[in-house]
Amino acid sequence: MNALTRAERALVESTEPAVTFTLNGREVSAQPGESLLKVAQREGFDVPHLCYKDGLAPAGNCRACMVEIQGERVLAPSCCRYPSPGMAVQTESERARRAQRTVLELLQSDMPEAGYTRHNELDQWSARLEVGKPRFAPRERVAADLSHPAIAVNLDACIQCTRCVRACRDEQVNDVIGLALRGDAARIVFDMDDPMGASTCVACGECVQACPTGALMPARDAALAVPDRQVESVCPYCGVGCQLTYNVKDNRILYVEGRDGPANHERLCVKGRYGFDYVQHPQRLTVPLIRREGVPKRGDFVMDPDHVMDVFREATWEEALALASGRLVQIRDTHGKRALAGFGSAKGSNEEAYLFQKLVRTGFGSNNVDHCTRLCHASSVAALLEGIGSGAVSNPVMDVDRAEVVIVIGANPTVNHPVAASWIKNAVKNGTKLIVADPRRSDLARFAWRFLQFTPDADVALLNAMMHVIVTEGLVNQDFIDSRTIGFDELRRNVAAFSPELMAPVCGIDAQTIREVARAYATSKASMILWGMGVSQHVHGTDNARCLIALALMTGQIGRPGTGLHPLRGQNNVQGASDAGLIPMMYPDYRRVDDPDAIASFEKLWGMPLDRQPGLTVVEIMDAIGRGEVRGMYIMGENPAMSDPDAEHAREALAALDHLVVQDIFLTETAYLADVVLPASAFPEKTGTFTNTDRTVQLGRQALLPPGQARQDLWIIQQMAQGLGLDWQYGSVADVFDEMRHAMPSIGGVTWGRLQETGAVTYPCRAEGDPGEPVIFTDQFPTATGRGRFVPADIIPADERPDKDYPMVLITGRQLEHWHTGSMTRRAGVLDAIEPDPVALVHPLDLADLGGQPGDVVTLASRRGQVSLYARADAGTPRGAVFVPFCYYEAAINKLTNAALDPFGKIPEFKYCAIKVILGGAAPTQSSYGGGKVLGA
């Protein structure tokens, strides 16, 4: 079932009685809001329809679904006609059938002889109603538009049903596709009648999925190929957790379709729909590799796939595993348990995360285990655990449609969480007031009721000023504060000094606007806050999140549908990996490693004594390597040589290790520094569970076999565990999940069989049969007192401020087409064709001041390094700042970023450091990507 609009939901939830009427001589009932077409479908009657599609508003323009209503002079389109009591409807009368066939025949007359898809709905309906060869002359043919890397436009097959228009404008709200002109001159256009490749299309593919005839299709011939099988799975990219279907032939994915999952209801973005062919890239690792004797590991390496075998030699699995685990054991026994560390992956499954952290804690003997949550939402989780006792979101993203006011701060969901952004845009169209707060103006800002483009690094000033308004104007929810919180008096005293008038020059937002948004948030029946890494990736990231939590607590905007706090998760399983204990201070289900009860529980479960001391975090491990305290590492699916701040320092640290084992699908920048490289399974090559940003545990199913000698990640982890002396006997993924659910009360009611049947369960789900809880904190918080805690925050400046030598600010993040460090998406053909080159987004006036133009090479330099890349004019970037994605190896922007840590979340300050911009420099080259040689061939 597709997501309902507010109007549709009101009808469904209404107490209006069912309508009884006659359909083809049969007495039937229709629910409120149910059209004649929907009733006919439910009752098993075939009514042709082309412009109608579930999830899209009915248009009634194709006239293929005409039915006869007794007593009415004209036929009626059943997709947008609703029954009334006593109505008599005929869908198969001679008059109705003649009209239906005539419409299909007219449309068929314009179809090209060679079709573009096997799923042409017009052909299917024509065959079903036995429509013969058209008697009418066709219109003049239209040339194909093949200008877009992802989507082919074949308007000679267009029947102007407008499904693509509604998918683009009403569903995804990208507003690219329109219908121009009138009469027989009417036609589909993109923007101002631009070629699709030159339009603002973001290649979500919703129009392709909606098109009934193949007028819009994938730019390859995949849609005409017949798949061997279809495999239901989930998307391997961001934390939204879209469900999808892989169409597979000869162990290759032909194309991907959106599935009706709880988070996406068939919607996908460009990465989910087109970013799948990386699994067949010629640079896939297919055999274990061992570093050749005498080949040095350099932190300033230049990765060249054509010379990989000069650095590594091929090995058998037996040799590679023996060396990988044997040297780790040697380091552990010689230098102590804390001389080893492990980085797991938020791209892997829950089962992989669980076994990986268990391996480190029981095989290495310490808690030195972490993953990329340290680099994205560690500060958010620290503040949430401190304030409300849980690091998870309170409400699903889709609750935005139940909210009257939504704040999106420090996030760019149209780029990083596109399907989630579509629900936000849908909510705005349904009447929700959207407040967007960010130093950069994103596409979402055009939908905002108020856009707050505040000064970078001024989050606390803005948020405290909003709380000042709410307190001084008496807009707090005193009953909620008294019954469900502690610490409000201290917070009230703190915000007294943060009036909007005093903070306006600090945060760059005028006092009146601050007052307006504060009042709107506090007084609405339901307000919701969503945030991203623009909030968390600061030395004051925990303070930023504390302020957001305080806003929700003081107004009682939590614990109900349409309210709450939602930190948008960056990677597909960062929520699940954190839940499973892939963090240095927490066991699974966020039980502290220094808590005696938790220690006793896991010692009993795992059958051995455990370390009582919290482990080191990602950046702390890199520093500990420099001090000689950490000497060996096992890294699965992470790429710290690209993702860590001050990347040169991270690379030098990794190169300095006595022994580094990397388990991955490509020879990443990190793997290039390894002593042993273990070829692993890509996402479509494994079965496991993944937990999305909504706390929904979903089942991903294996669609492909790994190439060559590459092995399943779970198998590799277990082999490594055996080499470390652990006697693990897991027969299947289901066995690992069963142990997990017994170790984690939050998912105790989720069985493997239930996931196979339903595909998704939202936790908390503590007992078998429980439905799960999409909205939590309804009665109390999971703290010792059951109450939420206010934690005041003062202004703490960024660790490094601009000065005369480095006068500008660097902001880093992601871009729509590429994800994380780019190791997957830059090897996906469509995605890399859309965004092939590293770019720096600079305000047009700043670029003009440099004497440059869009496309010029610019060099960015900080106190830690410099990179050269291409300038792109972007009016959404504030003056004095530059935004750069961190996915480009040839312009690795994390060489420049600051490793200064938030003292609570231990997260680096990715979102702010001082730089200078110089016009010119060496053009970046893509030496590490592209065709490459087949490793191990």
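Just so we're clear, the structure is a prediction, and the values are computed from it rather than from any experiment. Throughout, numbering of the chain's residues begins at 1 and tracks the sequence.
Counting heavy atoms from C-beta outward, Cys376 and Val574 have side chains that approach closer than 4.5 Å. Counting heavy atoms from C-beta outward, Asn544 and Ser380 have side chains that stay 4.5 Å or more apart. Inter-residue side-chain proximity for Leu491 and Met467 is flagged as met; some heavy-atom pair is nearer than 4.5 Å. Val240 is not listed as a side-chain neighbour of Val397, based on a closest heavy-atom distance of 4.5 Å or more. Between Met528 and Leu565, every side-chain heavy-atom pair lies at or beyond the 4.5 Å cut-off. Counting heavy atoms from C-beta on, the side chains of Asp443 and Asn412 never come closer than 4.5 Å. At a threshold of 4.5 Å between non-hydrogen side-chain atoms, the residues Ile407 and Met466 count as touching.
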Show, in sequence, the C-alpha distance, side-chain angles and deciding distance for Val408 and Ile435, and conclude whether the side chain to side chain contact (heavy atoms under 4.5 Å, CB included) test is met. CA-CA 6 Å; Val408 176; Ile435 299 164; over 6 Å; no

Kindly determine whether Leu816 and Val270 satisfy side chain to side chain contact (heavy atoms under 4.5 Å, CB included), including the steps that lead there. CA-CA 8 Å; Leu816 174 64; Val270 62; 3.8 Å; yes

List the steps, then state whether side chain to side chain contact (heavy atoms under 4.5 Å, CB included) holds for Ser578 with Tyr590. CA-CA 8 Å; Ser578 300; Tyr590 303 97; 3.3 Å; yes

Start with the C-alpha gap between Leu860 and Ile893, add the side-chain angles, then the distance that decides, and say whether side chain to side chain contact (heavy atoms under 4.5 Å, CB included) holds. CA-CA 9 Å; Leu860 312 184; Ile893 198 61; 4.0 Å; yes

Show your working on salt bridge (Lys or Arg N to Asp or Glu O under 4.0 Å) between Arg789 and Glu490 and close with a plain yes or no. CA-CA 11 Å; Arg789 177 187 173 196; Glu490 184 182 356; over 6 Å; no

Please test Glu473 against Arg519 for salt bridge (Lys or Arg N to Asp or Glu O under 4.0 Å), starting from the C-alpha separation and ending with a verdict. CA-CA 9 Å; Glu473 296 188 7; Arg519 291 166 185 157; 2.9 Å; yes

Could you go step by step and tell me if Arg863 and Asp803 meet the salt bridge (Lys or Arg N to Asp or Glu O under 4.0 Å) rule? CA-CA 12 Å; Arg863 291 176 174 85; Asp803 56 25; 2.3 Å; yes

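Using a distance-only test at 3.5 Å, with no hydrogens or angles considered, no donor-acceptor pair links the side chain of Arg169 to the main chain of Val176. Side chain of His377 to backbone of Leu568: a donor-acceptor contact under 3.5 angstrom is found. At least one donor-acceptor pair closer than 3.5 Å links the side chain of Ser499 to the backbone N or O of Leu502. In this structure, the side chain of Asn572 does not engage the main chain of Cys238 through any donor-acceptor pair within 3.5 Å. Side chain of Lys425 to backbone of Val173: a donor-acceptor contact under 3.5 angstrom is found. Side-chain atoms of Gln557 come within 3.5 Å of backbone atoms of Ser524 as a donor-acceptor pair (strictly under, hydrogens ignored). No donor-acceptor pair under 3.5 Å is formed between the side chain of Gln780 and the backbone N or O of Arg484. Proximity of a side-chain donor or acceptor of Thr783 to a complementary backbone N or O of Gly788 within less than 3.5 Å is not detected. With hydrogens and angles disregarded, no donor-acceptor distance shorter than 3.5 Å links the side chain of Glu800 to the backbone of Ser862. Side-chain atoms of Thr485 come within 3.5 Å of backbone N or O of Ile481 as a donor-acceptor pair.
Separating the CG atom in Asn174 from the OG1 atom in Thr200 is a distance of 8.0 Å, to the nearest 0.5 Å. Glu620 contributes atom CD, which lies 8.0 Å from atom CZ of Arg374 (distance to the nearest 0.5 angstrom).
For residues 448-458, the salt bridge (Lys or Arg N to Asp or Glu O under 4.0 Å) pairs, not counting sequence neighbours, are Arg450-Glu516, Asp457-Arg801. Contacts classified as salt bridge (Lys or Arg N to Asp or Glu O under 4.0 Å) and involving residues 386-395 (residues at least two apart or in different chains) are given here: Glu386-Arg546. Sequence neighbours left out, the pairs with a member in residues 438-494 that pass ring-ring contact (aromatic ring centres under 6.0 Å, His included) are Phe488-Phe790. Residue pairs satisfying the salt bridge (Lys or Arg N to Asp or Glu O under 4.0 Å) criterion with at least one member in residues 877-887, sequence neighbours excluded, are listed as follows: Asp846-Arg879, Asp849-Arg879. Screening residues 548-567 for salt bridge (Lys or Arg N to Asp or Glu O under 4.0 Å), with sequence neighbours left out, gives no hits. Residue pairs satisfying the side-chain hydrogen bond (donor to acceptor under 3.5 Å, both in side chains) criterion with at least one member in residues 804-814, sequence neighbours excluded, are absent.
Counting all heavy atoms, side chain and backbone alike, Tyr521 lies closest to Leu551 at CE2-O, 3.5 Å. Considering all non-hydrogen atoms of both residues, Ala263 and Val419 come closest at O-CG1, 3.9 Å. Of all non-hydrogen atoms in Val400 and Ala427, the two that sit nearest each other are O-CB, 3.6 Å. The heavy-atom pair separating Cys913 from Asn898 by the smallest distance is CB-CB, 4.2 Å. Across every non-hydrogen atom of Ala875 and His843, the tightest pair is O-CD2, 3.7 Å. Of all heavy-atom pairs spanning Asn464 and Cys547, the tightest one is OD1-SG, 3.7 Å.
Under a 4.0 Å N-O distance rule, the pair Lys433/Glu404 does not qualify as a salt bridge. With salt bridges taken as basic N to acidic carboxylate O contacts below 4.0 Å, none links Asp459 and Lys911. A salt bridge is defined here as a Lys NZ or Arg NE, NH1 or NH2 lying under 4.0 Å from an Asp or Glu carboxylate O, and Arg515 with Glu501 meets this definition.
Using modelled atom types, one finds no donor on one side chain facing an acceptor on the other under 3.5 Å when comparing Asn477 with Thr555. Counting only N and O atoms by type, the side chains of Thr762 and Thr696 include a donor and acceptor under 3.5 Å apart. For the residue pair Asp646 and Asn894, no side-chain donor N or O sits within less than 3.5 Å of a side-chain acceptor on the partner. Thr542 and Asp902 form a side-chain donor-acceptor contact under 3.5 Å, judged by distance and modelled atom types alone. Side-chain contact check for Ser422 and Arg267: at least one donor-acceptor pair (N or O, by modelled atom type) lies under 3.5 Å. Counted by atom type alone, Gln575 and Asp579 present one or more donor-acceptor pairs between their side chains at under 3.5 Å. Between the side chains of Thr693 and His566, at least one donor-acceptor pair of N or O atoms lies under 3.5 Å. Side chains of Gln571 and His820: a donor on one and an acceptor on the other come within 3.5 Å.
Evaluated for a side chain to side chain contact (heavy atoms under 4.5 Å, CB included) with Tyr912, the options Pro439, Pro802, Pro797 yield exactly one hit, Pro802. Each of Asp401, Asp170, Asp175 was checked for a salt bridge (Lys or Arg N to Asp or Glu O under 4.0 Å) with Lys429, and the lone residue meeting it is Asp170.
Ring to ring, His538 and Phe910 are not that close: their centroids are 6.0 angstrom or more apart.
Cation-pi geometry between Arg787 and Phe781 is not met at under 6.0 angstrom from the ring centre and within 45 degrees of the axis.
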